[in-house]
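All of these numbers come straight from a predicted model, not from anything done at the bench. In what follows, every chain begins at residue 1, and chains take the letters A, B, ... in the order their sequences are listed. Note that these values count all heavy atoms, side chains included, but never hydrogens, waters or copies made by symmetry.
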Protein chains: 2
Amino acid sequence: MTKRLTTIDLLRRHSLPSLVQGQLEEMILAGSLTPGSQLTEIPLSLQLGVSRGPVREAFRGLEEKGLVRVEKNRGVFVRTISPVEADQIYEVRVALELLVVAKLAADPGRLAQAKFDALLDKAERMASKGDFAACHACNVEFHDHLVQGTGNAALLDTYRRLVGELSLFRHRAHARIRDASSLRASVADHRAILSAILAGDAAAARRRIRRHVEASRSRTQRLLAAAGTSKD
Amino acid sequence: MTKRLTTIDLLRRHSLPSLVQGQLEEMILAGSLTPGSQLTEIPLSLQLGVSRGPVREAFRGLEEKGLVRVEKNRGVFVRTISPVEADQIYEVRVALELLVVAKLAADPGRLAQAKFDALLDKAERMASKGDFAACHACNVEFHDHLVQGTGNAALLDTYRRLVGELSLFRHRAHARIRDASSLRASVADHRAILSAILAGDAAAARRRIRRHVEASRSRTQRLLAAAGTSKD
DNA sequence: TGTTTGTAGATTGTCAACAATATTCTGGGG
DNA sequence: CCCCAGAATATTGTTGACAATCTACAAACA
C-alpha cells in the first residue's frame, strides 16, 4: 500500500485525476485492459490508492478521448472498435498523413534526420532480433515523430487520438504482430518516405505514405477477419 | 403515454455530468462564456442546481475536448486560441474537408440534395434580411451536413472538434460576422461546391472547397489582426 | 417445467464535509 | 512611499458516506 502511494506522490505536480487517466490510458493502449472489459470504480481506486472521485473524472476524460464507453448506471467499458470504424479511422488518418508529408517535404531542412535514421536502424535491429513488439513500437514512433516535425499541435493531437483508437482495434483483433516480413516492409517504406521528404519531393512522399498506410489498413482488416471467423 | 415516457427516459439516460458538460459546451460555443474567463465550480454548481462533483467531471470532458484549460490548484478557464493555433487548426480542417468532398463526389447519389438546397436558400434569405448570425449558422450547418454525408463517424468527430475550437477563436477575435458580402460569397461557394459534388467532379470539388476554406482562414486571421491592433 | 416476482448484493450517481493550495488584504518596517 | 511578511479569504483537491439503480439468484405460482 505504501509503495503504491509513493509512485503517485513522486508526481504530485499533476492532479490525481490526470495521473489516473494517464495510467489507465497507458494500460488500455498497452492492451493490459482488453477492449470490452469493464472498469469498476472501487477496485481501480483501491488499486491506484485513490478515491472514486478522481477515477470518475479520469473516466470522463477517457470517454471524450474515445478510449472508453460509459453506460449510465451500468459502468464504463474499454471501447471496442468495429472493423468499419477502424476503416473509417484509417481513412481520416491517410488524409492527415498526406498533409504531414506534404508539409515536411515543403521544408525538409527543419527535420532532424539523425533522429529518424537512428529510429529506423533500431527498428531493423529489433526485427532481426525477433523482438517484434519493439520493432512495432519503433515504427509507431517514426510516424509520431513525423507528425511532431510539422510543428502543428492540432495536427499532432488529432493524429494521436486516431492512432490511439486504432491501437485499441489492434488489441481487439488479437493481432499480435508476428509477421517479420511486414515489419521489415514497413521499415523499408519508412526509409523511402523519409528520403522523398528530405529530397523535397512532396508528390513522391504523398504517394508513398498513402500506399504505406493503406497497406497497414488492409493488413489490419485481414488480421481481424481471420480472428473474427475463429471466435467472434 | 409515449410522450412522457420519452422525455423522462431521455433525461434518465443522460447523467448529470453529461448534462452539465453539454450546457457548458453550448455556452462556450455560443460565446456567452468568453475565452479566458474563469469557470469557478461553486457558482456554476449553484447556478445549475447540482453539486461540485458533476461540474468537475464536466470540466474533465471539456478539457479533453479542447474547450477549457485546467491549471492545477488555479482553476479552469475557457480556452483561448492564438492566431497561430487557429491557423494550424485551419490547416488540418482543409485536409479533412478535401477528404469529405472527395468521398461525396465519388458517390453523389447518397446525398440528400433537397436538404442542402433548403439550407442554402435559407442562408440567402437570412443574409437578405440582415440576420447575419442566422446566415452564419446556416453556413456552418452546411459544412457539418457535408461531413455527416460521408457516413464516417471518426471524420465527423474530428471535424466537429476542430470547428468547435475555431468558433472559440472567432469569439476571442470579437469577430462578429457583419460583412454581408463575405457571407453571400460563402453561400455562392457552397453552391459551387455542392454542384461539383453532385456532378461527381471530385477534382473541381476539392479545388473549390480548398479555396473556400482558405478564404475563411485568411479572413478570420485578418479580423483578428485588426482586433488585435486596436485593443489587445 | 417455464415464467415471474421479490429480495439480496454489487455498482454507479450524487452530495456535503474536510484538507491543501493559491490569492488577497493588511499591518509593520525600511 | 514602497516593499515585505503573515494572516484571512476564497477556490480547488480529495475523501467518505448516502441514495438510486442495475444484476443475479431463488422461491413461488401457473
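- A side-chain contact (heavy atoms from CB on, under 4.5 Å) with A/Val55 holds for exactly one of A/Leu39, A/Ile42, A/Val76, A/Val50; it is A/Val50.
- Distance CG (A/Leu19) to P (D/dG13): 13 Å, rounded to an integer number of Å.
- Within residues 39-48 of chain B, the residues approached by DNA chain D to less than 4.0 Å at the level of any non-hydrogen atom are B/Leu39, B/Thr40, B/Glu41, B/Ile42, in residue-number order.
- Following rounding to the nearest Å, A/Phe77 (CZ) and C/dT11 (C1') show an atom-to-atom distance of 11 Å.
- Between A/Arg217 and A/Glu91 there is no salt bridge, since none of the side-chain N atoms of the basic residue sits less than 4.0 Å from a carboxylate O of the acidic one.
- Proximity note for A/Gln38 (side chain, C-beta onward) versus D/dT11, C/dT23, C/dT11: the nearest is C/dT11.
- Listed by chain and residue number, A/Arg52, A/Arg56, A/Phe59 satisfy the side chain to side chain contact (heavy atoms under 4.5 Å, CB included) test with A/Glu41 (two or more places apart in sequence, or in another chain).
- With sequence neighbours excluded, the residues satisfying side chain to side chain contact (heavy atoms under 4.5 Å, CB included) with B/Arg74 are B/Glu71.
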(request) Verify salt bridge (Lys or Arg N to Asp or Glu O under 4.0 Å) between B/Glu85 and B/Arg79, making sure each step is shown before the conclusion. (result) CA-CA 12 Å; B/Glu85 280 177 307; B/Arg79 182 175 168 198; 3.4 Å; yes
(message) Could you go through B/Gln21 and B/His14, starting from their C-alpha distance and side-chain angles, then the distance that decides it, and tell me whether this counts as side-chain contact (heavy atoms from CB on, under 4.5 Å)?
(response) CA-CA 11 Å; B/Gln21 181 173 341; B/His14 293 70; over 6 Å; no
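- Between A/Arg74 atom CZ and D/dA20 atom C1' there is a gap of 16 Å when expressed in whole angstrom units.
- By the side chain to side chain contact (heavy atoms under 4.5 Å, CB included) test, A/Glu63 pairs with A/Arg60, A/Val68, A/Val70, sequence neighbours left out.
- Applying the ring-ring contact (aromatic ring centres under 6.0 Å, His included) test to pairs two or more places apart or on separate chains, those with a residue in residues 143-165 of chain B are B/His143-B/His190, B/His143-B/His212.
- In this structure, CG of B/Asn73 is placed 7 Å from C1' of D/dG13, rounded to the nearest angstrom.
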Review item, nucleotides 14-18 of chain C N/O atoms under 3.5 Å of protein N/O:
from: C/dT14; atom 1: OP1; to: B/Leu16; atom 2: N; distance (Å): 3.1
from: C/dC15; atom 1: OP2; to: B/Ser51; atom 2: N; distance (Å): 2.9

